[in-house]
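Written out below as structure tokens is the structure these notes cover.
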Amino acid sequence: MDSAPSPDTSSPAEAGRSGAIWRWLAIGLVLLVGIAGQVRVWASDRGLWADEIYIAVNLRGKSWWELTGPLAYSQIAPPGWLFTSKLFYHKLGGDEQALRLAGLLGAAITLVLTAVLARRAIGWGGAVLASALAALSPGLLYYAGELKQYSTEAAAAMVLLLAMGLFVEHDQRSADPRRRWLYAAALAATGLVVAPFSFSAIIVVAGATAGGVLVLLLSRRFGTALALGLAAIPALSVGALMVWRRMQYTIPGNQYSIFRTGFPPEHAGPSDLVAWLPRMWSGFATDPLGWHYPLVLLVLVIAGPVAMALRGKAIWAGLLGGLGVAALGAAALRAYPWEGRIAVYLLAPVLVAAAAGVDAAVRVAVHTVRSLRSGDRGWRPATALVAAAVAIVMTGVAATPSFADGADQVREPRYRDQGRDILNEVAAQLRPGDVIILYRFSRPFADWYGRGGRKLPIPGFFRLTSADTCQPGSVDTALAGAQRLWFVRAARFSGDPIDYFDRVLAALDDRGRVVDSHLWSPGDVDSSGWTLIDLTAPPQPSQTTFPPDPSHACLDVIQ
């Protein structure tokens, strides 16, 4: 006879601990995969591109104090990030990986804090989903390996949001109101340390504080609201000082053309702002999120905080909602765009809100299935189940391109410019009597890879300009005594004609003969690469003609 099964003697506490271990293992696995992908992107052997070199030249050439002033090439970067990057550069070998280490740390911190914040604001399921969305986010992966401050700004946003939320939660649980001010002092110190690493910190602190204070006032927690507001003052003061100091220097005037959907039209009225909002959201969904179907994302981002509030997590909903309103206001005022790399600081908060929306749909579906099993066969449970299922499926469809793009970046990290490889290839073939003249927009590559360490023979940079401003004799001066000319071109500046490189070569037709060329994309007229001209060989008649362009009619060389 079979014996009866032995009863389960495990206690509820043991079962709970076992379940918590498995949940943390699931989150840990997601974080491990995400950080491994970030390390892969960071460790890839890709050369610096122009904007990165602009920063690198400043970090190498300027003193610590000079980094607090105007930067060369009109660059903008928070002082805390600049100091950290310079420290890594000098202490860890002075190579490009050391320069980019701050970006990797920022991305990894953002990912880990996304899991922590989502765990507290949504729950275990939401934490796993939010972590997965952030782990394969193409925007976060890319900036883990770039010498720019955007992943650090994303990390700063998550540190500030988490610190404010934890302050409110600890104050709520504390039986001793006197400890409130100890928590508030810790929050103020956190803001004081974090703010110098992020220009967007002032938006995060102002918006999240306003949202958190509003929730606390509605909950009649006046003392906590006062403490939260006072604790935000140091970070707001540092942020305001950074903005004021930045306004003293030249600001690039092309940001409104670069971030076309991130800002509303100039002098926009109420109707223009309303018409701009869908364009703005679509642009943000595309870059940096990489999602399709922006409307699906918008529904999730709105539903998520609402679900948080209904489940007793109103403070997190207030912090995220306040940040969103402040960011929208900064963009509407044409002060800080909600698009592209500048908006990476919003990436993790938006993904947390979206994960909360999906979590709410799953909870509705589970609750509805239970209702149907219990005998409730009305049309309302069925409708709720269908709506929840559609929301979950559409989320997968909308987010899949982001996952695919993130996986592609891990397999083959994105290369922005081949300038380093071009100069390396040319340097390996140089002979006595050779000169290298670069495309004018390639000046950063000459400064960093050519003139900085190897002292390559670079007398100047080709420029096509109008006859009024041209100095044609500068070409003769640059080529004096040379036997061969290497024309090196990296990525084309968007403001120059697409056939700019061919026009330069046509202007050199009477000085020698093209004997070799290596273009990275031979089918593209503006491909980066190099062309070798033998200045001692008779020229070959050119068969190429170009439409007249008075602003690019004359070739000269600038230093």
Side-chain angles (χ1 to χ4, degrees), residues 46-54 56-57 72-74 252 254 415-430 434-452 454-466 469-479 482 484-512 514-535 542 544 546 549 551-559:
R46 60 179 187 181
L48 301 176
W49 72 289
D51 278 12
E52 292 180 286
I53 295 177
Y54 293 151
V57 170
Y73 299 108
S74 300
N254 61 348
Y415 223 112
R416 290 293 292 267
D417 204 319
Q418 292 85 14
R420 179 196 66 177
D421 303 321
I422 296 170
L423 277 176
N424 285 344
E425 193 168 295
V426 170
Q429 303 178 66
L430 283 178
D434 288 1
V435 295
I436 305 171
I437 298 187
L438 289 82
Y439 166 47
R440 66 174 179 85
F441 195 56
S442 302
R443 181 186 295 271
F445 295 96
D447 291 343
W448 186 256
Y449 291 115
R451 291 171 165 174
R454 291 178 292 190
K455 307 300 182 184
L456 298 180
I458 303 174
F461 306 87
F462 283 133
R463 177 186 66 168
L464 287 172
T465 185
S466 65
T469 59
C470 188
Q471 298 178 356
S474 60
V475 179
D476 297 325
T477 302
L479 300 182
R484 299 196 306 173
L485 164 66
W486 298 83
F487 171 40
V488 171
R489 60 224 207 179
R492 179 181 60 88
F493 176 55
S494 58
D496 289 333
I498 194 170
D499 58 1
Y500 192 96
F501 300 147
D502 287 342
R503 288 175 179 265
V504 170
L505 291 174
L508 293 169
D509 275 341
D510 61 345
R511 295 180 178 272
V514 173
V515 294
D516 200 1
S517 182
H518 180 192
L519 302 183
W520 263 247
S521 303
D524 297 336
V525 68
D526 63 344
S527 169
S528 57
W530 55 261
T531 300
L532 175 61
I533 302 174
D534 186 347
L535 300 176
S542 175
T544 306
F546 300 95
D549 186 349
S551 60
H552 298 87
C554 181
L555 180 70
D556 65 7
V557 173
I558 57 176
Q559 298 300 312

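Because the structure is a prediction, the values reported are computed rather than measured.
- Here the side chain of S527 pairs no donor or acceptor atom with the backbone of G523 at under 3.5 angstrom.
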Run the side chain to side chain contact (heavy atoms under 4.5 Å, CB included) check on Y449 and I53 step by step: do they pass? CA-CA 9 Å; Y449 291 115; I53 295 177; 3.9 Å; yes
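- Side-chain contact between V475 and R511 is present, with at least one heavy-atom pair separated by less than 4.5 Å.
- Atom CG in L423 sits 8.0 Å away from atom CZ in F445 (nearest 0.5 Å).
- Here the shortest heavy-atom pairing between P497 and D549 reads CG-OD2, 3.7 Å.
- Interatomic distance, CD1 of I533 versus CZ of F487, reported as 8.5 Å (0.5 Å rounding).
- Aromatic ring orientation, H552 versus Y500: perpendicular (interplanar angle above 60°, classes split at 30° and 60°).
- Among the candidates L508, I558, D556, the single residue satisfying the side chain to side chain contact (heavy atoms under 4.5 Å, CB included) test with F462 is L508.
- For the pair D421 and W520, the minimum side-chain heavy-atom distance is below 4.5 Å.
- In this structure, G450 and I458 approach most closely via the heavy-atom pair CA-CD1, 4.1 Å.
- At least one donor-acceptor pair under 3.5 Å links the side chain of R443 to the backbone N or O of Q559.
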- Item | Trace of the side chain to side chain contact (heavy atoms under 4.5 Å, CB included) decision for W486 with L430 | CA-CA 9 Å; W486 298 83; L430 283 178; 3.7 Å; yes
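- Counting heavy atoms from C-beta on, the side chains of R440 and F493 come closer than 4.5 Å.
- Here S74 contributes atom OG and Y54 contributes atom OH; the two are 9.5 Å apart, rounded to the nearest 0.5 Å.
- The main-chain N or O of W49 is found under 3.5 Å from a side-chain atom of E52 such that the two form a donor-acceptor pair.
- Here the closest heavy-atom approach between residue V435 and residue A478 is recorded as CG1-O, 4.5 Å.
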- [ ] Could you check D516 against W530 for side chain to side chain contact (heavy atoms under 4.5 Å, CB included), going step by step and ending with a plain yes or no?
- [x] CA-CA 9 Å; D516 200 1; W530 55 261; 3.5 Å; yes
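- In this structure, Q471 places its CD atom where only 12 or fewer heavy-atom neighbours from other residues, nucleotides or ligands lie under 6.0 Å away.
- Checking each of L438, D526, L519 against R489 for a side chain to side chain contact (heavy atoms under 4.5 Å, CB included) leaves exactly one that passes, namely L519.
- Counting all heavy atoms, side chain and backbone alike, C470 lies closest to L555 at SG-O, 3.7 Å.
- Closest approach of S474 and V557 over heavy atoms only: OG-N, 2.8 Å.
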Steps toward side chain to side chain contact (heavy atoms under 4.5 Å, CB included) verdict (D496, Y439): CA-CA 11 Å; D496 289 333; Y439 166 47; 2.5 Å; yes
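- In terms of heavy-atom proximity, S517 sits nearest to T531 at OG-OG1, 3.4 Å.
- Without hydrogens or angle criteria, Q418 side chain to A490 main chain gives no donor-acceptor distance under 3.5 Å.
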